[in-house]
Amino acid sequence: MRIYNTLAGEKEDFIPLVKDRVNMYVCGVTVYDNCHIGHARSAIVFDVIQRYLKYKGFNVKFVRNFTDIDDKIINRAKKEGIPWDEVARKYTEEFYNDMDSLGVARADIEPKATEHIKEIIDIVKGLIDKGYAYEKDSSIYFEVNKFHEYGKLSKRDKEDMIAGARVEVDERKKDPMDFALWKASKEGEPFWESPWGKGRPGWHIECTAMSIKHLAESFDIHGGGADLIFPHHENEIAQSEAFTGKPFVKYWVHNGFITIDKEKMSKSLGNFFTIKEVLDRYDPEVVRFFLLSTHYRSPIEFSDEQLKEAEVSIDRYYTTLIRIADFSGNGDVKDKTSGIEKTFEGVVNSFKEKFQAAMDDDFNTALALGHIFELIRETNRFLDSRPSGQKPSELISKAKELLSEAGGVLNIFRRAPDEWQSALMKSKKIQLTGQDVLNKIKEREEARQKKDWAASDAIRKELDEKGIILEDKKDGTDWKIKVG
RNA sequence: GGCGGCGUACCCAAGUGGCUAAGGGGGAGGUCUGCAAAACCUUUAUGCAGCGGUUCAAAUCCGCUCGCCGCCUCCA
């Protein structure tokens, strides 16, 4: 297995610190507002990574934190006129609502910053004792100059950054690059007692405290969005390695951004969609599929067109499932082994290997989906050849299992076709009920018996305009939701 | 200004030295059908931003040019 390691700047063989075990920490969200679709990408990417590692047989311990104390939370509380911890509680709940919809599994441990104040204070104390941190006006700062490897993750040196002239000037710091480990609280702000007076933790220190506590001083994978590389993860490395004297993380994994008109989706630009807004129009599985159809490190352009394509793709899967269910095994081709069967057998037998090879190569979900659709196409092709006998039945059920297994890793393709149809009715806000449609089908069938094609086609057209497609089959007429 | 990434068909998107450049969507033609839909078949990049170079061999490595984006500030 190979993983792109931001620290190394290239793909590396994945060798966990302890054989067969993976300790993994992913930066979660700051709970001050509803999540947007960019948060969904990060959550889904690491959800799939976590699922795949478990699928491969690793004993995975997955930690994803909540930042529940921060300037943004305090500001939000002021704005809404409610207590800061009420803001955190509310948006933690919203986070769960969104992530549950999207099929993002709960992490094994989901720690909160405010539940680790003691651990944070201990680490800050330790850093002061070791000479890496200093106090100024009851706040504690990490002295970046003392940590000589500073910049090794983001690949830059201090001079470059200062030349950027965008470093915030804070008179209390010895050096503009120094960052706060502990912030003295201002009047009216939330605080915890500390050896330096009333204050609260800085942003970066919580991840050091929580990852060390729940995983170890050194662990395997640390993930998050690419925008966390600097300063957040760079600072985590500095304070963690200064504190423990050990390498902090072996593999740093970062997901790319979602863009709108080629620009990064972000709160400050205002060009974002919340998860709730998107889920109002598309089924969660569609969103998930869309996000997995591009490699996790590449930017992905958010667009209706692409979401509709994802919807069509998923529908193709469920349509094939229906065809498989309809397969009787009593085709009229008595033939032993056709060329089509040989091809199908080959695709079935090589699928798992190809799927795993794709996922083993830095979690290439886009390639994995390509293999999935090759299998779907071959399954349809084989079904079209109307095979009969036991071997075809076995091959088809094996194909079905393989699709289901791969879908399980990506956490898509988990429903029955009729559940998918119901979900589409909801997301497309179709007003008709199933019974309405059946009545129309019956009416049309009567017209068809009389060979009144005009009346028959009028009904088809009427339903089509309402988003319903009719499919005439040998033993009756089926209907489905129009996708795309 | 510093650092980094990207540019593959009409659209999306894999592919980072070597069989005929995955897969999906769209278009065109066809099979099937009362007509459709679905499915399948054929077709849609002698070429991977451009120009040079390395190599027996490059979309893939190197150099330059053009274009786009990100990070350097809270940010998934």
Side-chain angles (χ1 to χ4, degrees), chain A residues 6 9 11 26-30 32 35-46 70-72 75 151 154-168 203 223-232 234 254-259 262-269 272 289-290 293-295 297-301 303 305-306 308-313 315-316 319-320 322-323 340 354 358 361 364-385 448 451-454 456-457 460-461 464 469-473 477-480 482 484:
Chain A
T6 307
K11 285 185 204 169
V26 173
C27 288
V29 293
T30 300
Y32 75 105
C35 290
H36 61 64
I37 196 74
H39 298 104
R41 184 178 196 191
S42 185
I44 288 170
V45 161
F46 289 102
D70 169 271
D71 289 347
K72 291 197 289 291
N75 292 337
S154 53
K155 313 270 186 289
R156 63 189 90 205
D157 57 54
K158 267 192 67 212
E159 281 62 39
D160 293 339
M161 288 184 270
I162 290 164
R166 284 167 67 182
V167 178
E168 182 190 344
W203 173 33
D227 44 6
L228 296 180
I229 295 170
F230 190 89
H232 185 52
E234 195 69 71
H254 294 98
N255 64 275
F257 304 124
I258 294 184
T259 59
K262 295 275 177 86
E263 275 191 324
K264 180 189 170 187
M265 180 184 284
S266 73
K267 284 257 168 165
S268 47
L269 285 171
F272 62 90
F289 186 99
F290 162 69
S293 64
T294 297
H295 185 88
R297 279 189 286 114
S298 303
I300 182 168
E301 173 78 9
S303 73
E305 194 188 346
Q306 295 309 311
K308 283 176 182 163
E309 275 194 23
E311 188 175 271
V312 169
S313 295
D315 195 63
R316 186 165 155 76
T319 299
T320 300
I322 293 170
R323 293 196 67 200
I340 289 174
K354 285 196 271 189
D361 186 11
N364 194 337
T365 53
L367 181 57
L369 286 170
H371 296 320
I372 284 172
F373 280 94
E374 187 188 18
L375 179 55
I376 286 173
R377 188 188 64 229
E378 288 306 324
T379 300
N380 279 316
R381 204 162 94 95
F382 187 55
L383 288 168
D384 274 356
S385 75
R448 293 182 77 212
K451 295 206 189 303
D452 183 353
W453 306 125
S456 165
D457 290 348
R460 187 210 296 287
K461 187 161 180 266
D464 183 85
I469 301 280
L470 297 183
E471 292 188 4
D472 293 328
K473 296 186 178 178
T477 300
D478 281 353
W479 63 277
K480 53 186 285 191
K482 185 158 69 172

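So that the names make sense, note that chain A is the first sequence line, chain B the second, and so on, each numbered from 1.
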Exercise. Tell me what A:His295 touches on the nucleic acid: a base, only sugar-phosphate, or nothing, going by heavy atoms under 4.0 Å.
Key: sugar-phosphate
Quiz item: Starting at the 5' end of RNA chain B and moving along, which residue's nearest nucleotide shows up first, A:Glu309 or A:Val29?
Solution: A:Glu309
Quiz item: Rounded to the nearest 0.5 Å, how far apart are CZ of A:Arg316 and CZ of A:Arg377?
Solution: 8.0 Å
Quiz item: Counting any heavy atom closer than 4.0 Å, what does A:Gly370 reach on the DNA or RNA strands: base, sugar-phosphate only, or nothing?
Solution: base
Practice problem: Measure from the side chain of A:Thr294, starting at C-beta and using heavy atoms only, and say which of B:A13, B:C12, B:C71 lies closest. | Solution: B:A13
Self-check item: Distance-only donor-acceptor test, A:Arg448 side-chain atoms vs B:G34 base atoms, 3.5 Å
Solution: yes
Practice problem: For the side chain of A:Arg381, starting at C-beta, report the closest nucleotide among B:A14, B:A76, B:C41. | Solution: B:C41
Quiz item: If you measure from the P atom in B:C56 to the same atom in B:C48, how many Å do you get, rounded?
Solution: 22 Å
Practice problem: Quick one: label A:Glu301 by what it contacts on the DNA or RNA (base, sugar-phosphate, nothing), any heavy atom closer than 4.0 Å. | Solution: nothing
Quiz item: How close or far is atom P of B:A76 from atom CG of A:Asp70, stated in whole angstroms?
Solution: 10 Å
Quiz item: Nearest of B:U16, B:C74, B:A76 to any side-chain atom of A:Ser268?
Solution: B:C74
Exercise. Test A:Ile258 against every option in A:His39, A:Met265, A:Lys264 by the side chain to side chain contact (heavy atoms under 4.5 Å, CB included) rule and name the one that passes.
Key: A:Met265
Exercise. Can you tell me the distance, in whole Å, between the NZ atom of A:Lys308 and the P atom of B:A13?
Key: 18 Å
Quiz prompt | Set of residues satisfying side chain to side chain donor-acceptor pair (under 3.5 Å) with respect to A:Thr477, sequence neighbours excluded | solution = A:Asp472
Practice problem: Give a yes/no answer on whether the side chain of A:Asn380 brings an N or O atom under 4.0 Å of OP1 or OP2 in B:A38. | Solution: no
Quiz item: Expressed in whole Å, how much space separates the P atoms belonging to B:G52 and B:C10?
Solution: 23 Å
Practice problem: Write down the distance separating the C1' atoms in B:A9 and B:A21, rounded off to the nearest Å. | Solution: 11 Å
Quiz item: Would you call A:Arg156-A:Glu234 a salt bridge at under 4.0 Å N-O?
Solution: no
Quiz item: A:Lys480 or A:Arg41: which one's nearest nucleotide on RNA chain B is closer to the 5' end?
Solution: A:Lys480
Quiz item: Looking at CG of A:Asn75 and CG of A:Asp70, how far apart are the two atoms once the value is rounded to the nearest 0.5 Å?
Solution: 8.5 Å
Quiz item: If we take the P atom in both B:C40 and B:G25, what is their distance in whole Å?
Solution: 8 Å
Self-check item: Per A:Phe230 side chain, nearest of listed nucleotides B:G24, B:A38, B:C72
Solution: B:C72
Quiz item: Hey, does A:Asp71 reach any base, or is it just sugar-phosphate, or nothing, if we go heavy atoms under 4.0 Å?
Solution: nothing
Quiz item: Between the base of B:C35 and the side chain of A:Arg460, is there a donor-acceptor distance below 3.5 Å?
Solution: yes
Quiz prompt | Sugar-phosphate only, base, or nothing, as touched by A:Ser456 at under 4.0 Å among non-hydrogen atoms | solution = base
Exercise. Could you check how far CG of A:Leu367 sits from P of B:G23, rounded to whole Å?
Key: 11 Å
Quiz prompt | Sugar-phosphate, base or nothing in reach of A:Gly224, heavy atoms under 4.0 Å | solution = sugar-phosphate
Exercise. Rounded to whole angstrom, note down the P distance from B:A49 over to B:U60.
Key: 8 Å
Quiz prompt | Side chain of A:Glu471 (C-beta onward), nearest among B:C71, B:A38, B:A76 | solution = B:A38
Quiz item: Sub-3.5 Å donor-acceptor pair from the side chain of A:Thr379 to the main-chain atoms of A:Leu375, do we have one?
Solution: yes
Quiz item: Rounded to the nearest Å, what distance is computed from the CG atom of residue A:Asn364 to the P atom of nucleotide B:G15?
Solution: 5 Å
Self-check item: All stems with RNA chain B, defined as three or more consecutive Watson-Crick or G-U pairs under 3.5 Å
Solution: B:1-7 with B:66-72, B:10-12 with B:23-25, B:26-31 with B:39-44, B:49-53 with B:61-65
Self-check item: Nucleotide of B:C72, B:A14, B:C11 approaching A:Ala366 most closely (side-chain heavy atoms)
Solution: B:A14
Quiz item: Do the non-hydrogen side-chain atoms of A:His36 and A:Lys267 ever get within less than 4.5 Å of each other?
Solution: yes
Self-check item: Donor-acceptor pair (no angle test) under 3.5 Å: A:Glu374 side chain, B:G23 base
Solution: no
Self-check item: B:C71 phosphate, OP1 or OP2, under 4.0 Å from A:Lys264 side-chain N/O
Solution: yes
Quiz item: Which whole-number value in Å describes the distance from A:Asp227 CG to B:C74 C1'?
Solution: 10 Å
Practice problem: Starting from P on B:A39, measure out to CG on A:Leu383 and report it in whole angstrom. | Solution: 12 Å
Quiz item: With rounding to whole Å, what would you report as the distance between B:U31 and B:A36 at their P atoms?
Solution: 11 Å
Quiz item: Looking across every strand, which nucleic acid part, if any, lies under 4.0 Å from A:Leu470 by heavy atom: base, sugar-phosphate, or nothing?
Solution: base
Exercise. For A:Gly9, answer base if it contacts any base atom (sugar-phosphate contacts may also be present), sugar-phosphate if it contacts only those atoms, and nothing otherwise; contact means non-hydrogen atoms under 4.0 Å.
Key: nothing
Practice problem: Give a yes/no verdict on base stacking between B:G34 and A:Trp453: centres under 5.5 Å, planes within less than 30° of parallel. | Solution: yes
Quiz item: What interatomic distance, in whole Å, is found between C1' of B:G7 and the corresponding atom of B:A45?
Solution: 15 Å
Self-check item: Pairwise C1' distance, B:A13 and B:G23 [rounded to whole Å]
Solution: 8 Å
Quiz item: Quick one: which of B:C72, B:A39, B:A76 gets closest to the side chain of A:His36?
Solution: B:A76
Self-check item: N or O in side chain of A:Arg316 less than 4.0 angstrom from B:G24 OP1/OP2
Solution: yes
Exercise. Send over the distance from A:Ile340 CD1 to B:C40 P, rounded to a whole Å.
Key: 12 Å
Practice problem: May I ask you to say what A:Ile229 touches in the nucleic acid, namely base, sugar-phosphate or nothing, with a heavy-atom cut-off under 4.0 Å? | Solution: nothing
Quiz item: When rounded to the nearest 0.5 angstrom, what distance separates SG in A:Cys27 from NE2 in A:His254?
Solution: 7.5 Å
Practice problem: Would you confirm whether A:Ser293, through its side chain, and A:Phe290, through its main-chain N or O, come within 3.5 Å as a donor-acceptor pair? | Solution: yes
Quiz item: B:C69, B:C41, B:C35: which one has an atom nearest the side-chain heavy atoms of A:Arg377?
Solution: B:C41
Quiz item: Thinking salt bridges, do A:Lys308 and A:Asp315 make one under a 4.0 Å N-O criterion?
Solution: no
Quiz item: Between A:Leu375 (CG) and B:G23 (C1'), how many Å, whole number?
Solution: 13 Å
Self-check item: Distance in Å, A:Ile229 CD1 paired with A:Ser154 OG, rounded so as to fall on 0.5 Å steps
Solution: 8.0 Å
